[in-house]
Amino acid sequence: MSKPPLPSSRPITLPSRLAGHRLRRMSNRLISPPAPENSFDPAHAPSGAGPRGAASDNTLKAYARDWAHFSRWCRMTGTDPLPPSPEQVGDYLTAMAAPADDRQSPAARCPLSVSTIERRLAGLVWNYARRGFALDRQDPEIATVLAGIRRRHARPPAQKEAIRPADILAMVGTLGFDLRGLRDRAILLLGFAGGLRRSEIVSLDRGKDDTADGDGWIEIMEAGALLTLKARTGWRELEVGRGSSERSCPVKALEDWLHFARIDTGPVFVRTSRDGKRALKARLTDKHVARLVKRTVLDAGLRQDLPEQERLALFSGHSLRTGLANAAEIDAQAVQKRQGHASAERSGSRRHADRFQVNLTRAAGL
């Protein structure tokens, strides 16, 4: 009886494409490091993981960038970000406050501002807490360095110039009358007359509970527009009275935008089509307000005594908010109430009879 043939000792050859595919899969397994145990992405945190609801989405994204920046610095210095070391964090803060080497661009060589450094420290505290560690900001290794940075190392926070009534009228005069122009005109006039933060402007909805990401809504009345905004201390109401003319009236600009954009529900300020003829559903981001202010400042020719880059750095979305406080010739406490300062707020809802008693829109020159 013949024996079955022995298996050949020659190697089995695979088609070149299949062999290459298997080799790539094996090499990827070898060179791809496993995910670190303490890695955490705040953008994908479950709803029940820590005080996620206490911070906005933009803050969470900033904290994620802070951790990425710190981790990159640790790799460059040959250190490990975990576990937290106050001495290491102190060195990191010092590095951010000191000019970088000459191999980087001029912008990168500038020390960071105090506010940016403090924000990144807050991001580290948050990220360490999410990983089960505690970083004490009052530790001498951190507190001493931060105090020194505040005194001499970093640049002071840049002060933005307030927009005046004549400025805002010149800025809206540069806008067209298509949907995009109507929207941007309403943003500028409402932001100025309401003393609003740029995040408050874009977070408005047409009605209460229209969207999950809205932080306020509007009601248009005969005397003006009533805005209900979410503040740190709770909800607050803000009245925006009608202006002295249709050209300068923020409420008329808002009505025109809502009417022609056919916005009856959902976000108030949304994107438009490229031709500016259709309103889309996507809510604008607060960056649009900042870009809009800078663009219209240049188009209106404000502060032509300065170079263009300095003019762009001088104005921002915050210029709308500070413009009201500098322009309104009324009691400062009324402006503080308008802008949501806690010291000037009253508890409870205001009576309808008390609303629009002080027209800050006209007092501010609109």
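Every heavy atom of this structure was used, including side-chain atoms; hydrogens, water molecules and symmetry mates were not.
Between L258 and I218 there is a side-chain heavy-atom pair separated by less than 4.5 Å. Taking 4.5 Å as the limit, some side-chain heavy atom of L227 sits within range of a side-chain heavy atom of L204. Here the side chains of L254 and L189 are not in contact, with every heavy-atom distance at 4.5 Å or above. Two residues are said to be in side-chain contact when any heavy atoms from C-beta on lie closer than 4.5 Å; M221 and E239 fail this criterion. At a threshold of 4.5 Å between non-hydrogen side-chain atoms, the residues R236 and T228 do not count as touching. Taking the side chain as every heavy atom from C-beta outward, D66 and L121 never approach each other to under 4.5 Å. Annotation: side chain of I142 is in contact with side chain of L93 (closest heavy-atom distance under 4.5 Å). V89 has its side chain out of reach of E141: every pair of non-hydrogen atoms, C-beta onward, lies at least 4.5 Å apart.
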Exercise. Please assess V297 against L314 for the test side-chain contact (heavy atoms from CB on, under 4.5 Å), listing each intermediate value before the final yes or no.
Key: CA-CA 10 Å; V297 160; L314 196 59; over 6 Å; no
Self-check item: Pair H288-I187, side-chain contact (heavy atoms from CB on, under 4.5 Å): steps then yes or no
Solution: CA-CA 10 Å; H288 174 82; I187 288 175; 4.0 Å; yes
Self-check item: Worked verdict on Q304 versus R311 for side-chain contact (heavy atoms from CB on, under 4.5 Å)
Solution: CA-CA 8 Å; Q304 289 188 332; R311 294 162 66 194; 4.3 Å; yes
Practice problem: Could you walk me through whether K208 and E219 pass salt bridge (charged side-chain N to carboxylate O under 4.0 Å, His left out), step by step? | Solution: CA-CA 9 Å; K208 184 179 180 181; E219 300 175 65; over 6 Å; no
Quiz item: Taking it one step at a time, do V240 and L226 satisfy side-chain contact (heavy atoms from CB on, under 4.5 Å)?
Solution: CA-CA 6 Å; V240 178; L226 179 66; over 6 Å; no
Exercise. Apply salt bridge (charged side-chain N to carboxylate O under 4.0 Å, His left out) to the pair E310 and R303, showing each step before the final yes or no.
Key: CA-CA 9 Å; E310 292 186 24; R303 295 300 307 268; over 6 Å; no
Quiz item: Under the salt bridge (charged side-chain N to carboxylate O under 4.0 Å, His left out) criterion, do D184 and R180 qualify, and how do the steps go?
Solution: CA-CA 6 Å; D184 291 346; R180 185 179 293 115; 5.7 Å; no
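To the nearest 0.5 Å, atom CZ of residue R120 and atom NE2 of residue H69 are 4.0 Å apart. Between K281 atom NZ and R271 atom CZ the span is 15.0 Å, to the nearest 0.5 Å. The line from CG of L179 to NZ of K277 is 10.0 Å long, rounded to the nearest 0.5 Å. Between the CG atom of L320 and the CZ atom of R198 there is a distance of 10.5 Å, given to the nearest 0.5 Å. Note that OG of S71 and CE of M76 are 13.0 Å apart. Values are rounded to the nearest 0.5 Å. In this structure, CD on E161 lies 11.0 Å from OG on S316, to the nearest 0.5 angstrom.
Nearest heavy atoms, G266 versus T211: CA-CG2, 4.0 Å. Residue T361 comes nearest to G243 through the heavy atom pair CG2-CA, 3.8 Å, listed as atom of the first residue, atom of the second, then distance. Shortest non-hydrogen contact noted between R183 and V270 is NH1-O, 3.0 Å. The two residues G241 and V251 have their closest heavy-atom pair at O-CG2, 3.8 Å. D80 and C74 make their closest contact through C-SG, 4.4 Å (heavy atoms, listed as atom of the first residue, atom of the second, distance). In this structure, Q138 and A143 approach most closely via the heavy-atom pair O-CB, 4.0 Å.
No single ILVMFWY cluster, assembled from side-chain heavy atoms under 4.5 Å apart, contains both L280 and L182. Both L169 and L292 are assigned to one and the same hydrophobic cluster, defined by single-linkage of ILVMFWY side chains at heavy-atom distances under 4.5 Å. Clustering ILVMFWY residues whenever any of their side-chain heavy atoms sit less than 4.5 angstrom apart, transitively, puts I201 in a cluster other than the one holding W235. Put simply, F269 and W217 are part of two different groups of oily side chains (I, L, V, M, F, W, Y) that touch within less than 4.5 Å, one to the next. Both F260 and V268 are members of a single hydrophobic cluster when ILVMFWY side chains are connected at heavy-atom separations under 4.5 Å.
In terms of modelled atom types and a separation under 3.5 Å, the side chain of N127 and the main chain of G123 share a donor-acceptor contact. In this structure, D210 contributes its side chain and G207 its backbone to a donor-acceptor pair below 3.5 Å. D299 places no side-chain N or O within 3.5 Å of a backbone atom of T296 that could act as its donor or acceptor partner. For D215 (side chain) and L229 (main-chain N/O), no donor-acceptor pair under 3.5 Å exists by modelled atom type. Side-chain atoms of E200 come within 3.5 Å of backbone N or O of R197 as a donor-acceptor pair. The closest donor-acceptor contact from the side chain of R321 to the backbone of G191 lies at 3.5 Å or more, if one exists at all. Not one N or O on the side chain of R130 forms a donor-acceptor pair closer than 3.5 Å with the backbone of V125. Side-chain atoms of K294 come within 3.5 Å of backbone atoms of L312 as a donor-acceptor pair (strictly under, hydrogens ignored).
R150 and E118 are joined by a salt bridge, as a carboxylate oxygen and a charged side-chain nitrogen come within less than 4.0 angstrom of each other.
When each of Y92, W73, F70, F133 is tested with P81 by the rule side-chain contact (heavy atoms from CB on, under 4.5 Å), just one qualifies, namely F70.
Legend: residues meeting salt bridge (Lys or Arg N to Asp or Glu O under 4.0 Å) with D264, ordered by chain and number and at least two apart, are absent. Partners of F315 under the ring pair (Phe, Tyr, Trp, His ring centres under 6.0 Å) rule, at least two apart in sequence or in another chain, do not exist in this structure. Residues passing the salt bridge (Lys or Arg N to Asp or Glu O under 4.0 Å) test with D91: none are found, sequence neighbours excluded. In this structure, D178 has no salt bridge (Lys or Arg N to Asp or Glu O under 4.0 Å) partners at least two apart in sequence or on a different chain. Scanning for side-chain hydrogen bond (donor to acceptor under 3.5 Å, both in side chains) contacts around T77 gives T79, with sequence neighbours left out. Listed by chain and residue number, W67 satisfy the ring pair (Phe, Tyr, Trp, His ring centres under 6.0 Å) test with Y128 (two or more places apart in sequence, or in another chain).
When the shell of 6.0 Å around CZ of R247 is examined, it contains 12 or fewer heavy atoms from other residues, nucleotides or ligands. Atom CZ of R206 has more than 12 neighbouring heavy atoms from other residues, nucleotides or ligands inside a 6.0 Å radius.
Checking D286 against S199 by side-chain atom types alone, no donor-acceptor pair falls below 3.5 Å. Side-chain atoms of R283 and S203 form no donor-acceptor pair, as typed in the model, at a separation below 3.5 Å.
For R185 and F177, the positive end sits near the middle of the six-membered ring, less than 6.0 Å away and at most 45° from its axis.
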